[in-house]
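I have placed the structure first, in the form of structure tokens, so that the comments after it can refer back to it.
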Amino acid sequence: MIKITFPDQSVREYQEGVTGLEIAKSISNSLANEVLSISVDGETWDLTRAILGNASVKLYKWDDEEGKHAFWHSSAHLMAEALEAIYPGVKLGIGPSIENGFYYDIDLGDGKSISDADLPKIENKMVELARTKSPYSRRDIPKEEALSYFTQKGDPYKIELITDLTDGTISFYSQGNFTDLCRGPHLPDTSYIKAIKLLSIAGAYWRGNEKNKQLTRIYGVSFPKQKMLEEYLVMLEQAKLRDHRKLGKELELFTFSPRVGQGLPLWLPKGAKLRELLENFLKKVQKEYGYEQVITPHIGQKELYVTSGHYEKYGKDSFQPIKTPQDGEEFLLKPMNCPHHCEIYRSKPHSYKDLPIRMAEFGTVYRYEQSGELHGLTRVRGFTQDDAHLFCRADQIKEEFIKVIDIIFRIFKALDFKDYVAQISLRDPNNKEKYIGSDENWDKAESAIIEAAQEKGLKTTVELGEAAFYGPKLDFMVKDAIGRKWQLGTIQVDYNLPERFELEYMGADNQKHRPVMIHRAPFGSMERFVAVLIEHTAGKFPLWLAPDQVVIMPISEKFNDYGKKVLNFLNNSDIRTLLDDRNEKIGKKIRDNELKKIPYLLIIGEKEEADGSVSVRKQGDGDKGSMSLEEFASFINNEIGTQLKEI
RNA sequence: GCUGAUGUAGCUCAGGGGUAGAGCACUUCCUUGGUAAGGAAGAGGUCAUGGGUUCAAUUCCCAUCAUCAGCUCCA
């Protein structure tokens, strides 16, 4: 007998060789029906694998990441089996589970391709195979046998994977007529997979390397119940309704024109208003933190960027230098604001008493992003950073860093951003040539970031090799409507630019010292931030940010004159107000203005005109009763005050 | 940049080798209505652009441009 310990520390005895599924059954049949995988002493296993000694276990169901992982990974194998059946000779790359489903990378052979139209055929085959209830069986085999299996099968990708594996044993999983190299774990059998939807086809480079062959990647998702698939698809549809590209058009916030150029957003009046409100808000906060606004031009001599190192690093991938009638003179559209700010710093001598200097600018920069990367407002070729550069002494780095985290916290709180991840990006210790600057400075900067984050109680993930080429950084990442991750706020330490621009200050010791620079942008860029804001709010901006806050809707044209009076009154009270004086019935006006997501709708008619009031309707929340004009104005200003006071 | 898909009215979309259609929006008229679509009429399109095939191309083919999904990249 062996002792099995459960997460609640209870212990039960079982026969040696008991499986996860048997353990689940011994607890309850319903558990046995739901369990998908098991962890044995911290390692995730198949439910059908024999446990040979005392162990701590945890059973995983659909609600556990580990359970879903086994489910989707098994689904990937099932898809591979279906693909081999439909496309004999297909070569397989990798087929993992991902956050929302699974994929498999395949090589159909030269000149062959599949399209979306082929997906249902593959789906059907998968359903058919799933119904055969084929067990997923695991087999540990020696490396030579694994290699000879795939050599015989003629699958170069698997051979490459096996060759690179350093583990002593290699495991194969089989179900039906399909065998794959795999670490597992998998479901007990294919019948668990009840609902399958293949979502899309895309190219993907073998092993993620642009220089390698591009394989065909098929994305899919699967569920243990048909109903769950249906719910998932509905959820996807609803998420698409929040897409900032769709809402940006509907709410008339921004647009693009091919005649202006790819990735160059045109801000429409309402979008410009929103952006202006955000900028003013940040300016105000930054003023409290001792920032000073500066303004610099959109271009700079090429030499400026040669000095900063940006030209060497990114020159080839940028908008190319602008020539002038002057022979040999070249300017760059600025891809970064920092070199200009360094020159401002250099414009006069500084004392240690002046530091830190905090120089802020809403600086528009231009980068020639790859065409396939452009994406609505989140990835564009011309964008405005809410940039600032802090020039400080080495002993001030941590404190300055903490203050920037405070600003970011304040902004995220003001806008109700809760679902963000803070990521510390350090350099790749195995590839130090990628970066510029001394080991010593890198170490100092990296530890300052880590300490500052710890001190603010910020939960962070650490990514090696994700640092900028000039220094480590702390980024704030958020997800968009369909789960894609974007970087918003960023704080970066830089020892490099002060060196390159020979920035100095006079110390208390009457010696010259080099300041440290911190780059920081709480929004990241106005474009990306507005995009994410649109998706998080579904276009229902908080009252203080709404481009139009109130719309007045007369019951009939007879009350348009009173409408104009109300309009003047509210506009004079600094409330952004519109008058809907169209010849339409009130139901129509309500519908149209609700769809425009204007926060407050005012209905006025005979009664309101008579007593100088308005009938108030809150967007999405219906009739709120009537108020006098004065009451309404102070009601609105109170709500804005409350929203901004919380900030 | 790469793979695949898409491009028809301001918007959302249907259609299809014989020079185009709906709904919404827009204009005019009727209506003057109390909390999510009142009625009628009208106007609006080189069917993304450039080539090719054809008696004839918006439709088929090729290229370009743009958009979408993913990969790679992201100072």
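All chains are named by letter (A, B, ...) in the order of the sequence lines, taking the proteins before the strands, and each is independently numbered beginning at 1. In this text, all values refer to a predicted model and were calculated from it rather than measured experimentally.
Nearest-nucleotide positions on RNA chain B for A:Y205 and A:G622 put A:Y205 closer to the 5' end. Looking at which nucleotide of RNA chain B each of A:A204 and A:D116 is closest to, the 5′-most match is held by A:D116.
Across A:K213, A:K158, A:K91, a single residue satisfies salt bridge (Lys or Arg N to Asp or Glu O under 4.0 Å) together with A:D107, and that is A:K213. Partner A:V566 forms a side chain to side chain contact (heavy atoms under 4.5 Å, CB included) with one of A:T577, A:I552, A:L579 and no other, that one being A:I552.
Rounded to whole angstrom, the span from the CD atom of A:E99 across to the P atom of B:rG70 amounts to 13 Å. Atom OH of A:Y104 is separated from atom C1' of B:rG70 by 19 Å (rounded to the nearest Å). In this structure, CG of A:L497 is placed 10 Å from C1' of B:rA75, rounded to the nearest angstrom. Residue A:R379 contributes atom CZ, which lies 11 Å from atom P of B:rC73 at whole-angstrom precision. As rounded to whole Å, 11 Å separates atom C1' of B:rG4 from atom CG of A:L119. Here the P atom of nucleotide B:rA75 and the CZ atom of A:R427 are 17 Å apart, to the nearest Å. Protein atom CD of A:E463 is 14 Å distant from nucleotide atom P of B:rC74, rounded to whole Å. The CG-P distance, from A:D580 to B:rA36, rounds to 15 Å in whole Å.
Taking the six-membered ring for Trp, A:F529 and A:F523 have ring centres closer than 6.0 Å.
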Report summary line: Going 5' to 3' through nucleotides 63-69 of chain B and flagging B where a protein heavy-atom sits under 4.0 Å of the base, S where only the sugar-phosphate is that close, and - otherwise, we get ---SSSS
Report summary line: Readout for nucleotides 22-32 of chain B: B = base within 4.0 Å of protein heavy atom, S = sugar-phosphate only, - = neither; 5' to 3' it is ---S----BBB
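In terms of polar N and O atoms assigned as donor or acceptor, the side chain of A:Y368 never comes within less than 3.5 Å of the base of B:rG1 in a complementary pairing.
Atom CD1 of residue A:I201 and atom CD1 of residue A:I114 lie 4.0 Å apart, to the nearest 0.5 angstrom. Distance check, rounded to the nearest 0.5 Å: NZ of A:K596 to CG of A:L601 gives 10.0 Å.
The phosphate of B:rA37 (OP1 or OP2) has no side-chain N or O of A:K589 nearer than 4.0 angstrom.
A:Q385 comes within 4.0 angstrom of nothing in the nucleic acid, heavy atoms only.
Comparing the same atom, C1', in B:rG45 and in B:rC26 gives a spacing of 15 Å after rounding to whole Å. B:rA37 and B:rA25 have their C1' atoms separated by 13 Å, given to the nearest Å. Spacing between B:rG51 and B:rC65 at atom C1', rounded to whole Å, works out to 14 Å. B:rU59 sits 38 Å from B:rC73 when the C1' atoms are compared, rounded to a whole Å. Taking the C1' atoms as reference points, B:rU53 lies 11 Å from B:rC62, given to the whole Å. With both ends at atom C1', the span from B:rA69 to B:rA57 equals 30 Å, rounded to whole Å. When the P atom is compared between B:rA22 and B:rG15, the two are found 15 Å apart, to the nearest whole Å. For the P atom pair drawn from B:rA14 and B:rA9, the interatomic distance equals 12 Å after rounding to whole Å.
Using a cut-off of 4.0 Å between Lys/Arg side-chain N and Asp/Glu carboxylate O, A:R358 and A:E400 are scored as salt-bridged. With respect to A:R207 and A:D164, a salt bridge is recorded, a charged nitrogen being found less than 4.0 Å from a carboxylate O. With salt bridges taken as basic N to acidic carboxylate O contacts below 4.0 Å, one links A:E594 and A:R617. A salt bridge between A:R520 and A:D387 is absent, with no side-chain N of the basic residue lying under 4.0 Å from a carboxylate O of the acidic one. In summary, A:K240 and A:E237 engage in a salt bridge, as defined by a charged side-chain N under 4.0 Å from a carboxylate O. Salt bridge annotation for A:K588-A:D580: absent, with no cationic side-chain nitrogen under 4.0 angstrom from a carboxylate oxygen. Note on A:E99 versus A:K479: salt bridge recorded, some NZ/NE/NH1/NH2 to OD/OE distance being below 4.0 Å. Between A:E361 and A:K334 there is a salt bridge, since at least one side-chain N of the basic residue sits less than 4.0 Å from a carboxylate O of the acidic one. By the 4.0 Å N-to-carboxylate-O rule, A:D581 lies too far from A:K564 to be salt-bridged with it. Ion pair A:K121/A:D118 flagged as a salt bridge, since at least one NZ, NE, NH1 or NH2 atom sits closer than 4.0 Å to an Asp/Glu carboxylate oxygen.
Shown here is A:K444, whose NZ atom has more than 12 heavy atoms of other residues, nucleotides or ligands within 6.0 Å. Counting heavy atoms of neighbouring residues, nucleotides and ligands inside a 6.0 Å radius, atom CD of A:E160 exceeds 12 of them.
The stretch residues 206-218 of chain A touches RNA chain B through A:G208, A:E210, A:Q214, A:R217, each having a heavy atom within less than 4.0 Å of the strand. RNA chain B is contacted by A:H310, A:Y314, A:S318 of residues 303-320 of chain A, taking any non-hydrogen atom closer than 4.0 Å. In the region residues 598-605 of chain A, proximity to RNA chain B at under 4.0 angstrom, judged on heavy atoms, holds for A:I603, A:G605.
Between B:rA36, B:rG34, B:rA75, one nucleotide has an atom nearer to the side chain of A:K473 than all others, and that is B:rA75. Of the candidates B:rG1, B:rG38, B:rG34, the closest approach to any side-chain atom of A:Q370 belongs to B:rG1.
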Requested in this report: With side chain to side chain donor-acceptor pair (under 3.5 Å) as the test, would you mind laying out the steps for A:T461 and A:E463 before giving the verdict?
Outcome: CA-CA 7 Å; A:T461 60; A:E463 295 289 336; 4.6 Å; no
Requested in this report: Carefully, step by step, assess A:Y435 and A:F469 under the rule ring-ring contact (aromatic ring centres under 6.0 Å, His included).
Outcome: CA-CA 4 Å; A:Y435 311 95; A:F469 73 96; 8.8 Å; no
Report task. In sequence, state the C-alpha distance, the side-chain angles, and the governing distance for A:D480 and A:W486, and then conclude on side chain to side chain donor-acceptor pair (under 3.5 Å). Result -> CA-CA 7 Å; A:D480 69 9; A:W486 298 99; 3.1 Å; yes
Report summary line: Under the rule of Watson-Crick or G-U wobble with both distances under 3.5 Å, where | means paired to another strand and [ ] a crossing pair, RNA chain B maps to (((((((..((((....[..)))).(((((.......))))).....(((((..]....))))))))))))....
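No hydrogens or angles considered: a donor-acceptor pair under 3.5 Å links the side chains of A:T364 and A:T384.
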